[in-house]
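Heads up: the structure comes next, in structure tokens.
Treat the numbers as computed from the prediction; the structure is a model and nothing was measured.
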Amino acid sequence: QVHLVESGGGLVQAGGSLKLSCAISDPTVRLSALGWYRQAPGNERELVALIGTHSITNYADAVKGRATISRDTVKNMVYLQMDSLKPEDTAVYYCNVRWGWLDEYESWGQGTQVTVSS
């Protein structure tokens with residue numbers, strides 16, 4: 001099984017930066033996609049950034065240009081660098097990984113809170 005632990009969240013001022021980290025427990029699983037999602041109170045969970053095969057990345061329009069997802073296969077880590085943070089970025093951020101021929105398996109972290117003050 002794959003277990004994920006997020007870290008790096010906290011309280012930041014608008015315009016500041018954070019780098020979220022996600023530790024992946026099992027290096028033997030061939031992961032198809034790794035992503036960051038977020039959910040704010042009253043909102044649906046939404047994709048923030050995704051990195052898949054061939055290091056192809058996708059970003060939500062709301063964070064495009066301000067977020068960078070990256071993966072370190074040696075350390076079994078996935079990161080989300082966020083810059084120019086806005087109050088609307090406030091949410092719980094979750095790490096997600098998927099594997100299997102049809103991406104039929106997935107694992108979620110417990111989440112890390114990001115709060116951006118104005």
Side-chain angles (χ1 to χ4, degrees):
Q1 295 184 358
V2 177
H3 301 281
L4 308 175
V5 179
E6 302 101 330
S7 62
L11 175 64
V12 297
Q13 196 77 26
S17 298
L18 281 177
K19 188 173 185 178
L20 307 182
S21 300
C22 175
I24 304 167
S25 66
D26 192 347
T28 65
V29 176
R30 189 174 183 179
L31 301 173
S32 300
L34 305 87
W36 287 93
Y37 295 75
R38 68 185 182 186
Q39 186 168 17
N43 295 326
E44 296 181 348
R45 183 180 63 187
E46 63 179 0
L47 174 69
V48 178
L50 181 71
I51 184 167
T53 57
H54 308 292
S55 297
I56 296 174
T57 58
N58 289 301
Y59 297 94
D61 289 342
V63 302
K64 191 174 182 63
R66 301 187 296 115
T68 303
I69 187 171
S70 61
R71 180 184 182 182
D72 188 332
T73 57
V74 175
K75 296 182 178 180
N76 299 316
M77 300 285 290
V78 60
Y79 305 99
L80 181 67
Q81 174 71 42
M82 297 196 67
D83 303 310
S84 301
L85 286 163
K86 305 174 181 179
E88 49 263 45
D89 293 320
T90 297
V92 177
Y93 285 69
Y94 298 92
C95 184
N96 169 263
V97 297
R98 301 167 187 164
W99 69 98
W101 291 347
L102 302 175
D103 290 344
E104 66 266 37
Y105 306 108
E106 68 174 358
S107 182
W108 292 89
Q110 83 288 347
T112 185
Q113 176 72 49
V114 172
T115 302
V116 183
S117 62
S118 59

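By the 4.5 Å heavy-atom criterion applied to side chains, Trp101 and Ser32 are not counted as neighbours. Put simply, the side chain of Leu4 reaches to within 4.5 Å of the side chain of Val97, judged on heavy atoms. Residues Leu85 and Leu18 meet the side-chain proximity criterion, which asks for heavy atoms closer than 4.5 Å. Side-chain contact between Asn96 and Trp36: absent, with no pair of heavy atoms (C-beta onward) separated by less than 4.5 Å. Counting heavy atoms from C-beta on, the side chains of Ser17 and Gln81 come closer than 4.5 Å. In this structure the side chain of Lys86 never reaches within 4.5 angstrom of the side chain of Val116, judged on heavy atoms.
Considering CG of Leu31 and CD of Glu106, their distance stands at 12.0 Å, rounded to 0.5 Å. The OH atom of Tyr59 sits 9.5 Å away from atom CG of Leu50, with the distance rounded to the nearest 0.5 Å. Distance check, rounded to the nearest 0.5 Å: CG of Asp72 to CD1 of Ile24 gives 9.5 Å. Considering CE of Met82 and CG of Leu20, their distance stands at 7.5 Å, rounded to 0.5 Å. The CD1 atom of Ile69 sits 9.5 Å away from the CG atom of Asn58 when rounded to the nearest 0.5 Å. Interatomic distance, Gln1 CD to His3 NE2, rounded to the nearest 0.5 Å: 5.0 Å.
In the hydrophobic clustering of ILVMFWY residues, with side-chain heavy atoms under 4.5 Å counting as a link, Tyr94 and Val48 come out apart. Val12 is not connected to Val92 by any chain of hydrophobic side-chain contacts under 4.5 Å among Ile, Leu, Val, Met, Phe, Trp and Tyr, and they are in different clusters.
Of the possible donor and acceptor atoms, one in the side chain of Gln13 sits under 3.5 Å from a partner among the backbone N and O of Ser118. For Thr57 (side chain) and Ile51 (main-chain N/O), no donor-acceptor pair under 3.5 Å exists by modelled atom type. The main-chain N or O of Gln39 is never found under 3.5 Å from a side-chain atom of Arg45 such that the two would form a donor-acceptor pair.
In terms of heavy-atom proximity, Met77 sits nearest to Ala23 at SD-CA, 3.4 Å. The two residues Asn76 and Thr73 make their nearest non-hydrogen contact at OD1-O, 3.2 Å.
For the pair Lys19 and Tyr79, the distance from NZ or CZ to the six-membered ring centre is under 6.0 Å and the angle to the ring normal is within 45 degrees.
Checked by atom type, the side-chain pair Tyr93/Arg38 shows a donor-acceptor distance below 3.5 Å.
Checked against a 6.0 Å centroid threshold, the rings of Tyr37 and Trp108 count as neighbours.
Under a cut-off of 6.0 angstrom, the local environment of OH in Tyr105 is sparse, with at most 12 non-hydrogen atoms contributed by other residues, nucleotides or ligands.
The residue from Thr112, Leu80, Val78 that alone fulfils the side chain to side chain contact (heavy atoms under 4.5 Å, CB included) condition with Cys95 is Val78.
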